[in-house]
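These notes are about the structure you will find just below.
In what follows, every chain begins at residue 1, and chains take the letters A, B, ... in the order their sequences are listed.
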2 protein chains.
Amino acid sequence: MTTPGLRERKKQATREALREAALRLAVERGPDRVRVEDIAEAAGVSPRTYNNYFASREQAIVSAVTADREERIAAAVAARPSGVRLADAVTDAVVEQYTNTGEREHKALLLITTQTALRDAFLDATAGIEPPLAAVIAERLGDAGAHTARVLAASVAAAVRIALEGWLRPTEDADAAGSFAAGGLVVPSGSLADQLRAALAPLAPAFDAAERRTQP
Amino acid sequence: MTTPGLRERKKQATREALREAALRLAVERGPDRVRVEDIAEAAGVSPRTYNNYFASREQAIVSAVTADREERIAAAVAARPSGVRLADAVTDAVVEQYTNTGEREHKALLLITTQTALRDAFLDATAGIEPPLAAVIAERLGDAGAHTARVLAASVAAAVRIALEGWLRPTEDADAAGSFAAGGLVVPSGSLADQLRAALAPLAPAFDAAERRTQP
DNA sequence: CAGGAAAAATGCGTGCGCGCAAGTTTGCGT
DNA sequence: ACGCAAACTTGCGCGCACGCATTTTTCCTG
């Protein structure tokens, strides 16, 4: 495992090349002015090979921003000392990994905002945090709570998705939101960190209860 | 609203015709022996009109089973007396709507199990319960908890999805699950009701806390 | 280091999702 | 009753996702 083998290295190199090519072309021309054929050609690979790596055209562009955020979040949770509340560990790790963003990623996010299909792909990508997150949570809860860990991880993913949805829509028709939230106070779309913490807060009691069940 | 107008009635009739045609054809031949062209023809409509109603071919088949389960769940929650715990109301409503299944629906589920694409579409359909569920939960929590309601509803949807995933895989390679749950006790895939209750149980503390915050 | 097995890349063909620009039906006001 | 506007349907075309069979590359073992 020290050397993943040339096989795996070339594989990751190709994936990286596709990522970068997709993002670059999407920035240069419009996002819909680029076909998979162009991306494949820019990466020096056949179009058929392209969707051996990415199921949809949008995934390639989005994955340039998403990268391996899933593993980073899981690692960040694992890095917290075991003394702190699990809920805090998860919340802080998520906020940290979503706000510590480079300049290049921020520009790419602006691009994503413009296209509905890209936004959807970006939101769908959040579901990918569930498996690694479930693993680290299960590690803290012990084997008995493996099932609970899975549910909690999925809930976190859902909450993050909601936070992102609420965040990347500054340009929304005001009347379109009047379906049922006409009662008045809708969150005025604060910073991303605020949105994430607000979305994750309701889940904290569930984490506390799960944690209490294994460490009384 | 008494008479939805002939426009809307024909629309629902077409949707129903497509649903039934898709399910019938999928049962008669194999699920992959049926093209959208066939379904559209059986429903007396153009193929292009077909995906004015359904985004994917699988959605039509699945929707014959799913129907309007979303609204039924929301209605079932609203029907519970306001005295009971919100967590119990939601859990019972979900279990009730997923287990009170007719004979025809059960046969269709067996069909869905066979095809991976159909299973995925079926699982994706569970996300549809979020909006109506968020509405009824928000109604109980008051306008201040609208945001919390959204998160809780999404968590419920995620939990239900996990329960369904665990339920409809009796035919899984034993070693395929050995990725990280090698610790030993994996749930032996009990009844659907058990799976649903087990998946929703970890969320109960979150519901209790949210409820407590509005009615001290 | 040679050769064979495993894995990945590629070509090809099919069906599908969807935008666009007509044509057709429904509903509503006068 | 009539006609107009909005909603729905339909034909057309393009690009894409993916299964299958073949070729090329990587890896391991004797």
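Each end of the helix from dC1(C)-dG30(D) to dT30(C)-dA1(D) gets its own axis, taken as the rotation carrying the C1' atoms of four end pairs onto the next four within a five-pair window, and the two axes meet at 30° to the nearest 10 degrees.
Atom CZ in R15(A) sits roughly 13 Å away from atom C1' in dA8(C) (whole-Å rounding). We find that CD of E41(A) is positioned 12 Å from P of dG11(C), with the value rounded to whole Å. Nucleotide dC16(C) holds its C1' atom 15 Å from the CG atom of D32(B), rounded to whole Å.
The salt bridge (Lys or Arg N to Asp or Glu O under 4.0 Å) analysis of residues 45-65 of chain A, with sequence neighbours excluded, yields no pairs.
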Under 4.0 Å protein heavy-atom contact, by nucleotide of nucleotides 6-16 of chain D - B base, S sugar-phosphate only: BBSBBBB--SS

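For R29(B), the salt bridge (Lys or Arg N to Asp or Glu O under 4.0 Å) partners are D38(B), not counting sequence neighbours. Every residue was checked against the side-chain hydrogen bond (donor to acceptor under 3.5 Å, both in side chains) condition with N51(A), not counting sequence neighbours, and none meets it. Contacts of E103(B) classified as salt bridge (Lys or Arg N to Asp or Glu O under 4.0 Å), with partners at least two apart in sequence or in another chain: none.
With 3.5 Å as the limit, one finds no donor-acceptor pair spanning the side chains of Q59(A) and S63(A). Under 3.5 Å, the side chains of R72(A) and Q97(A) contain a donor-acceptor pair of N or O atoms.
Of the charged side-chain nitrogens involved, none lies within less than 4.0 Å of a carboxylate oxygen, so that R104(A) and E20(A) do not count as a salt-bridged pair. Between E16(A) and R9(A), no side-chain nitrogen of the basic residue sits less than 4.0 Å from a carboxylate oxygen of the acidic one, so the salt-bridge criterion is not met.
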